[in-house]
Protein chains: 2
Amino acid sequence: MDAVFKALADGSRRELLDRLRADNGQTLNELCAGLGGMTRQAVSKHLGVLEEANLVATIKRGREKLHYLNPVPIHEIAERWIGKFERSRLDALSALKAALEAGDA
Amino acid sequence: MDAVFKALADGSRRELLDRLRADNGQTLNELCAGLGGMTRQAVSKHLGVLEEANLVATIKRGREKLHYLNPVPIHEIAERWIGKFERSRLDALSALKAALEAGDA
DNA sequence: TTGACAGGCAACCAAATGGTTGCATATTGT
DNA sequence: ACAATATGCAACCATTTGGTTGCCTGTCAA
């Protein structure tokens with residue numbers, strides 16, 4: 001899970017995920033075009049990080065490599081990690097408010 | 001939002017959030033104890049990052065500073081970012097499967 | 001076969017990051 | 001007042017990270 005968070009920490013990588021969601025199964029070169037003034041190798045590295053985090057799956061088709069978005073790890077975050085805080089959202093907020101008020105007393 | 005993702009990228013910071021959720025309103029020293037072999041200043045920096053990302057709110061009470069978890073940014077991620085992929089989860093998976101099958105043809 | 005196209009690998013570099021030590025500041029209890 | 005407590009600030013260091021350039025490999029088409 002650590003790898004997923006770290007992969008998501010970079011804006012370019014999030015943008016890559018966005019672009020993959022908009023048009024799944026793109027090649028490296030396709031993904032390069034549009035990701036402003038960045039080398040192919042830079043994009044390749046980013047895709048590598050995403051792949052390592054299991055956020056994209058790839059298949060080699062001839063001389064090109066297609067990239068597919070894998071939403072499962074993100075879903076897992078939503079389930080395990082965010083749900084935990086989400087559930088206590090209102091409680092924490094009211095606790096915060098109460099604490100702030102008690103602070104002056 | 002970028003700051004939130006970057007703040008969440010570090011395991012120690014996620015642990016700090018966990019510990020805050022378990023016991024909200026802790027001081028810096030309280031949070032230090034339990035976060036294995038790390039200096040107070042290191043923890044302080046982490047809390048600074050979390051604060052900058054609006055994931056923790058603080059109030060100064062006398063000579064100590066209480067830290068409170070703020071779950072709102074995480075909730076926003078769940079809403080805006082994860083929901084986006086979540087919604088297309090099954091679609092993407094079936095598309096991936098179809099693509100893999102078509103790959104051999 | 002040979003050239004063009006898609007991608008991989010490795011070395012290298014600058015900047016950011018996580019962590020440390022050392023000292024300064026403010027508050028509290030006696 | 002004074003010592004102890006709780007935190008802040010700044011300089012410094014090692015590692016990681018995002019990015020580059022240069023070259024090598026594999027695949028398709030003429």
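Each chain gets a letter, A, B and so on, in the order the sequences are listed, and its residues count up from 1. Scope of the values below: all heavy atoms of this structure, side chains included, with no hydrogens, waters or symmetry mates.
Going from atom NE2 of B:His67 over to atom P of D:dG8 covers 7 Å, rounded to whole Å. With rounding to whole Å, A:Arg63 atom CZ is found 6 Å from C:dA6 atom P. Rounded to whole Å, atom C1' of D:dG18 lies 14 Å from atom CG of B:Asp2. With rounding to whole Å, A:Leu47 atom CG is found 12 Å from D:dG19 atom P. In this structure, the CD atom of A:Glu52 is 14 Å from the C1' atom of D:dT16, given to the nearest Å. Between the CD atom of A:Gln26 and the P atom of C:dA6 there is a distance of 14 Å, given to the nearest Å. To the nearest angstrom, P of C:dG8 lies 12 Å from CG of A:Leu31.
In this structure the side chain of A:Leu50 reaches within 4.5 angstrom of the side chain of A:Leu17, judged on heavy atoms.
Counting non-hydrogen atoms under 4.0 angstrom, B:Gly37 reaches the backbone sugars and phosphates but no base. At the heavy-atom level, B:Lys60 lies nowhere under 4.0 Å from the strands shown.
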Please assess B:Leu55 against B:Ile74 for the test side chain to side chain contact (heavy atoms under 4.5 Å, CB included), listing each intermediate value before the final yes or no.
CA-CA 8 Å; B:Leu55 282 163; B:Ile74 299 184; 3.5 Å; yes
Between A:Val72 and A:Asn54, does the side chain to side chain contact (heavy atoms under 4.5 Å, CB included) criterion hold? Intermediate values first, please.
CA-CA 8 Å; A:Val72 173; A:Asn54 248 303; over 6 Å; no
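Closest to the side chain of B:Gln41, out of C:dG7, D:dC28, C:dG22, is C:dG22. Comparing D:dG8, C:dG19, C:dA4 by their nearest atom to the side chain of B:Arg40 picks out D:dG8. Taking only side-chain atoms of B:Lys6, from C-beta outward, the nucleotide of D:dG19, C:dT17, C:dT20 with the closest atom is C:dT17.
Taking a 6.0 Å sphere around CD of B:Glu52, one finds it holds 12 or fewer heavy atoms contributed by other residues, nucleotides or ligands.
In this structure, A:Leu28 and B:Glu64 both approach DNA chain C, and ranking their closest nucleotides by distance from the 5' end singles out A:Leu28.
Put simply, B:Lys65 has no side-chain N or O that comes within less than 4.0 Å of OP1 or OP2 on C:dA26. The phosphate of D:dT7 has OP1 or OP2 within less than 4.0 Å of a side-chain N or O from B:Thr27. Listed pair A:Asn29 / C:dC5 fails the phosphate criterion, with no side-chain N or O lying under 4.0 Å from OP1 or OP2. Contact annotation: B:Ser44 does not reach the phosphate of D:dT7 (side-chain N/O to OP1 or OP2, under 4.0 Å). For the pair B:Arg13 and C:dG18, the criterion of a side-chain N or O lying under 4.0 Å from OP1 or OP2 is met. For D:dG19, one of the phosphate oxygens OP1 or OP2 lies less than 4.0 angstrom from a side-chain nitrogen or oxygen of A:His46. When the side-chain nitrogen and oxygen atoms of A:Lys45 are compared with OP1 and OP2 of D:dT20, none of them lie within a distance under 4.0 Å. Phosphate proximity of C:dT20 to B:Thr39: present, with a side-chain N or O under 4.0 Å from OP1 or OP2.
Here the side chain of A:His67 pairs a donor or acceptor atom with the backbone of A:Gln26 at under 3.5 angstrom.
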